[in-house]
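What you are looking at is a predicted structure, and each value in this text was computed from that prediction instead of being measured.
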Amino acid sequence: MSTRMTLGAAGRTAAAALIAAALFAAGPARAGAAGAAKPFSLVVDAGYVFVHQPGFGHGWRYGGGLQFRTAKRAAFEVLVESYGVPVAEGAGSVTAGGLAAGRMDMTSLVFNQHVFLLTRGRVLPYATLGVGLAFIGYAPDDPAVVVEKDIVDRFALHVGGGIDLRVSRRLFVTGRLRYNMVKTWVEPLPREGPIRDTDPLAQDMMHLYGLEFGLGLRLAF
């Protein structure tokens with residue numbers, strides 16, 4: 001499993017802009033705003049993901065983290081989530097013959113900014129924009145296959161939305177729908193040098209765009 005984090009200048013700029021928006025959007029939440037919204041929540045959810053890259057399948061996902069209310073209509077969320085999907089023979093590469101049949105696992109550290117469209121009532125829809133770090137693992141089904149390729153860890157963009165359904169003052173049922181967009185490539189092993197020295201035209205690029213559905217709970221304090 002690759003352990004590199006390949007963040008470019010654009011990735012760092014986007015992450016900084018998102019965090020700045022979370023900290024400064026509309027100022028601190030007021031008491032009584034958003035239906036007496038609590039400033040801190042624990043979030044857990046699980047669901048399903050469909051990866052659109054040809055040769056990559058679908059599977060279960062799960063995650064959990066913390067959410068911080070930063071304004072009347074804004075909340076900042078930090079999540080760790082993971083999923084695994086099957087990989088078909090020959091997937092993920094045009095010029096190098098593809099991967100052997102196996103399994104891809106992706107674990108992401110995600111920073112989400114939520115903007116709530118409604119702030120009172122039992123049904124609270126929201127839009128989401130986020131960035132994250134995707135740590136990608138690949139293993140062939142046949143243990144006799146020598147692993148000579150890897151999938152590079154990459155920066156990710158998250159876009160989507162969801163609905164919080166208020167059960168009580170502190171407990172919410174939350175549903176999510178979003179894209180986890182990771183653009184990466186298959187890298188031959190052993191590595192001959194740093195990734196930055198690889199000619200982009202020689203890379204076997206992949207768009208591991210996962211459509212994620214989730215259902216979970218949010219407990220506010």
4.5 Å side-chain heavy-atom contact, [X] and [Y]:
X	Y	result
Glu212	Arg176	no
Gln113	Val131	no
Val85	Val49	yes
Val51	Leu211	no

To the nearest 0.5 Å, tell me how far [X] [atom1] sits from [Y] [atom2].
X	Y	atom1	atom2	answer
Lys183	Met206	NZ	CE	12.0 Å
Asp150	Trp185	CG	CH2	11.5 Å
Leu157	Leu129	CG	CG	6.0 Å
Met104	Tyr83	CE	OH	4.0 Å

I need the minimum non-hydrogen distance between [X] and [Y], along with the two atoms involved.
X	Y	answer
Ala156	Asn180	CB-OD1, 3.7 Å
Ile136	Asp153	N-OD1, 2.8 Å
Arg166	Gly121	NE-O, 3.2 Å
Pro125	Leu118	CD-CD1, 3.8 Å
Ala91	Pro54	CB-O, 3.9 Å
Gly102	Tyr138	CA-CE1, 4.3 Å

State which residues pass side chain to side chain donor-acceptor pair (under 3.5 Å) with [X]; sequence neighbours excluded, sorted by chain then number.
X	answer
Tyr179	none
His52	none
Tyr126	Thr174
Gln67	Glu77

Please say yes or no: joined through hydrophobic side-chain contacts below 4.5 Å, possibly via intermediate residues, are Phe111 and Val80 part of one cluster?
yes
Under 4.5 Å between side-chain heavy atoms, hopping through other hydrophobics if needed: is there a path connecting Leu109 to Phe155?
yes
Does the [X] side chain pair with the main chain of [Y], one donor and one acceptor, at a distance under 3.5 Å?
X	Y	value
Thr107	Phe135	no
Glu89	Ala101	yes
Arg73	Phe116	yes

Hey, can you pull the donor-acceptor pairs under 3.5 Å for the side chains in residues 213-221, sequence neighbours left out?
{"unit_1": "Arg218", "atom_1": "NE", "unit_2": "Asp164", "atom_2": "OD2", "d": "3.1"}
{"unit_1": "Arg218", "atom_1": "NH1", "unit_2": "Ser41", "atom_2": "OG", "d": "3.0"}
{"unit_1": "Arg218", "atom_1": "NH2", "unit_2": "Asp164", "atom_2": "OD2", "d": "2.8"}

Reference residue Phe172; test side chain to side chain contact (heavy atoms under 4.5 Å, CB included); the match among Val167, Ile163, Leu124:
Leu124
Who pairs with Tyr48 by ring-ring contact (aromatic ring centres under 6.0 Å, His included), at least two apart in sequence or on another chain?
Phe50, His58, Trp60
Sorted by chain and residue number, the side chain to side chain contact (heavy atoms under 4.5 Å, CB included) partners of Val110 (sequence neighbours excluded) come out as Leu79, Glu81, Ser108, Asn112, His158, Arg178
Check side chain to side chain contact (heavy atoms under 4.5 Å, CB included) between Ala46 and all other residues, then give those that pass, not counting sequence neighbours.
Tyr62
Can you list the steps and then say if Phe56 with Leu99 is a side-chain contact (heavy atoms from CB on, under 4.5 Å)?
CA-CA 11 Å; Phe56 288 75; Leu99 298 167; 4.2 Å; yes
Can you check side-chain contact (heavy atoms from CB on, under 4.5 Å) on Tyr209 and Gln53, steps first, answer last?
CA-CA 7 Å; Tyr209 289 6; Gln53 175 71 27; over 6 Å; no
The test is side-chain contact (heavy atoms from CB on, under 4.5 Å); show your working for Met106 and Ile151 and say whether it passes.
CA-CA 10 Å; Met106 183 183 297; Ile151 303 174; over 6 Å; no
Partner set under salt bridge (charged side-chain N to carboxylate O under 4.0 Å, His left out) for Arg103, not counting sequence neighbours:
Asp105
